[in-house]
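First comes the structure, then the notes that go with it.
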Amino acid sequence: MPDTSTGSDTSKRGTGNTGGGGGRARLSRRTVLAAGAGITAALTVPATARAATPDERRLKALISRMSLQEKVGQLFVMRVYGASATSPDQADIDANLDELGVRTAAELIQKYRVGGIIYFTWAHNTQDPHQIADLSNGIQKASLDQPRGLPMLIATDQEHGAVCRVGEPAALLPGAMAVGAGGSVADARTLGRISGTELRALGINQDYSPDADVNVNPANPVIGVRSFGADPAAVAELVAAEAEGYRSARVAATAKHFPGHGDTAVDSHYGFPVITHSRELWEKLDAVPFRSAIAAGIDSIMTAHIQFPALDESGDPATLSEPILTGILRGELGYDGVVITDSLGMEGVRTKYGDDRVPVLALKAGVDQLLNPPSIDTAWNAVLKAVQDGELTEARLDESILRIMRMKSRLGLFGRAFVDRRGVDRLVGAKSHLAAADRIAERTTTLLVNEGAILPLDRHRQPRLLVVGADPDSPSGTTGPPTGVLAAALTEAGFTATALPTGTDPSAAAIDKAVAAARDADAVVVATYNVSADSSQRTLVERLSATGKPVVALAVRNPYDVAQLPSVRAFLASYCWTDVELRAAARVIAGHVKPRGKLPVPVQRADDPTKILYPIGHGLTY
């Protein structure tokens, strides 16, 4: 993640910029076909039925031929550095040796027989479409070349909005809360289909999305705009629709973070959140989207590193809780798909137990996939020893591996694990996908305040615009910075717009400079980002408003900013600062598009949080 306060689902190294280089694994069509035929033969599926889903008996027979070490490996999904599976840059080799004890992805697969790889921008896995596809093919080849070789699950966090690992030229769509503001089930389904189609073309077959958390806490530092909203029924509909879109593209969707991470003021990357909801409230609030996801046939569900006393009094995180995962998720909710942990490198799961105990306890609780432990050697050997010592049975491992194999089979990986460049060129960043992203974004921008009909701005009466405000690090793969993107989009709309970034914590000098520049403008657009009671962003907006020039504020992350800015007479929310959302907001400001979004979360008053300033569903138009 480019911004640590936004949070992501997996532990990270670096700041999220791509950098690096590295060789690329290039496979001939003959190699691709031969490797695909090899795994099909291993399953003894007739050539005429290669596209058919292998039945339970064949999958169980496949598992029975695995060694114990191979079975242990299938449970793990790991990070690895480098743009190539076999010849990454030296810096990535060094990082792999330091953290993983191997040089390359191919060596990681050979040594530990891991069942999956997760891609990160900061690990230099996602530099450009052809490189990603070549890396995916190299990983698949490395696994299929092993004795009893199996296709790999290749995963990433492509939520869109604030959390994306694959950037431009891929289509980047609005994030969850923006989609929640649009309120369109069809748009959520389209998002899943487009995203899934492009990921699959790149060889990525499992996405850790959608977020099924119901965000009822405005101070939530890790979920926030990654959630569709605060209404559990609305969130449930959109989660199911997005999952259906991914399924249509043969990508495994993942609902997260069970049993619900929407009401916490602690980031589980760095602490151990406690959810104080009663069991009754959980049923009415947090559980609703997960029930919907299960009914929609969700392929996988990710656990949360949170303590939930009403569901388990032990004090263990949900990831390690048998009452929560086996008792509630498996038993009461009837889920028999794949359960994957959130990253095992996060502090929330490491607070109570050591890194050697966490993976064992997770499996005992009911988990199937172990995501990104700090040390693969420690975790892998701990699971192996637990089986050898009798703490875990091999039959228990077989249960999880069968679920994983079912998912690989449903995705068609036993018949077609590889991708080709023609598919990349045809599908990734397709014009129809980019146009759909723009259309969806235009339905999400939300107008909260418009006193005196300040909006839309008129390029004839107000030709000169000043764009100031926050410039948080741009989400992965987007152009950024926000003020520059807004100014360019407004200029394209017929204005003469000048960008003057003032940052998320503007200094007195920066504020003075912005106020002076405003005197030469006909109107001012100010981007706000997580405004608090003591934020100097408030001073900036108040000083700009005092100039008498029309001031339009745009919350580029949380819509709650509006409660802190009572002097603003025109206020919009874009819910994220990705290019597609900022361009849509610019078209609304210019009057080229009417605002159609409705708040998917309530906004409380700043002076009395027990009272609602703007309720769910609030949204103005022209």
Side-chain angles (χ1 to χ4, degrees), residues 7 9 159 176-177 179-180 188 208-243 253-269 271-296 298 300-335 337 339-342 346 348-349 365-367 600-602 604 616:
D9 292 299
E159 296 178 17
M177 192 170 285
V179 174
Y208 300 142
S209 184
D211 192 302
D213 300 310
V214 182
N215 198 77
V216 294
N217 188 342
N220 195 326
V222 66
I223 305 301
V225 294
R226 297 167 63 199
S227 163
F228 287 109
D231 178 353
V235 172
E237 280 193 322
L238 297 171
V239 165
E242 186 177 313
T254 307
K256 59 189 185 185
H257 309 78
F258 190 82
H261 211 316
D263 188 8
T264 173
V266 175
D267 185 341
S268 51
H269 290 85
F272 189 16
V274 179
I275 306 295
T276 59
H277 292 182
S278 67
R279 174 62 190 254
E280 181 182 18
L281 180 58
W282 177 80
E283 291 279 2
K284 294 179 179 179
L285 187 75
D286 307 281
V288 176
F290 290 101
R291 289 186 187 276
S292 178
I294 292 168
I298 194 81
S300 52
I301 290 179
M302 180 178 284
T303 68
H305 304 326
I306 57 175
Q307 188 182 157
F308 211 127
L311 305 183
D312 181 359
E313 298 178 349
S314 71
D316 286 342
T319 297
L320 310 182
S321 169
E322 185 175 6
I324 292 175
L325 300 186
T326 298
I328 296 175
L329 181 57
R330 298 281 192 210
E332 296 179 24
L333 273 60
Y335 180 65
V339 174
I340 181 169
T341 71
D342 206 337
M346 293 165 58
V349 79
V367 158
V601 293
Q604 286 92 353
I616 292 176

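Remember, it's a predicted structure, so these values are computed and weren't measured experimentally.
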- Where do Glu283 and Arg291 land on the salt bridge (Lys or Arg N to Asp or Glu O under 4.0 Å) test, with the steps shown first? CA-CA 10 Å; Glu283 291 279 2; Arg291 289 186 187 276; 2.9 Å; yes
Would the distance check show the side chain of [X] and the main-chain N or O of [Y] forming a donor-acceptor pair, the cut-off being under 3.5 Å?
X: Arg226; Y: Pro210; answer: no
X: Asp286; Y: Pro259; answer: no
X: Asn215; Y: Gly224; answer: yes
X: Ser300; Y: Ala253; answer: yes
X: Asp231; Y: Ala233; answer: yes
X: Trp282; Y: Phe308; answer: no

Are the side chains of [Y] and [X] in contact, using a 4.5 Å heavy-atom criterion?
X: Val349; Y: Thr341; result: no
X: Val274; Y: Pro309; result: yes
X: Ser292; Y: Val239; result: no
X: Ile306; Y: Thr264; result: no
X: Val288; Y: Val235; result: no

- Task: Let me see the working for Phe290 and Ile328 under side chain to side chain contact (heavy atoms under 4.5 Å, CB included), right down to the final yes or no.
- Result: CA-CA 11 Å; Phe290 290 101; Ile328 296 175; over 6 Å; no
- Message: Is there a side chain to side chain contact (heavy atoms under 4.5 Å, CB included) between Asp211 and His257? Walk through the geometry before answering.
- Response: CA-CA 7 Å; Asp211 192 302; His257 309 78; 3.5 Å; yes
Distance from [X] atom [atom1] to [Y] atom [atom2], nearest 0.5 Å?
X: Leu329; Y: Ile324; atom1: CG; atom2: CD1; result: 10.0 Å
X: Thr319; Y: Leu325; atom1: OG1; atom2: CG; result: 7.0 Å
X: Ile340; Y: Ile301; atom1: CD1; atom2: CD1; result: 12.0 Å
X: Gln307; Y: Thr276; atom1: CD; atom2: OG1; result: 11.0 Å

- Would you sort out whether Ile275 and Leu311 count as a side chain to side chain contact (heavy atoms under 4.5 Å, CB included), showing the intermediate values? CA-CA 10 Å; Ile275 306 295; Leu311 305 183; over 6 Å; no
- Message: For a side chain to side chain contact (heavy atoms under 4.5 Å, CB included) check, start with the C-alpha distance between Lys284 and His277, then their side-chain angles and the critical distance, and finish with the verdict.
- Response: CA-CA 10 Å; Lys284 294 179 179 179; His277 292 182; over 6 Å; no
For [X] and [Y], work out which heavy atoms get closest and say how close.
X: Arg330; Y: Val339; value: NH2-CG2, 3.4 Å
X: Pro273; Y: His261; value: CG-CE1, 4.0 Å
X: Asn217; Y: Ala219; value: OD1-N, 2.9 Å

- Message: Under a 3.5 Å threshold, yes or no: a donor from one side chain and an acceptor from the other, between Asp312 and Ser321?
- Response: yes
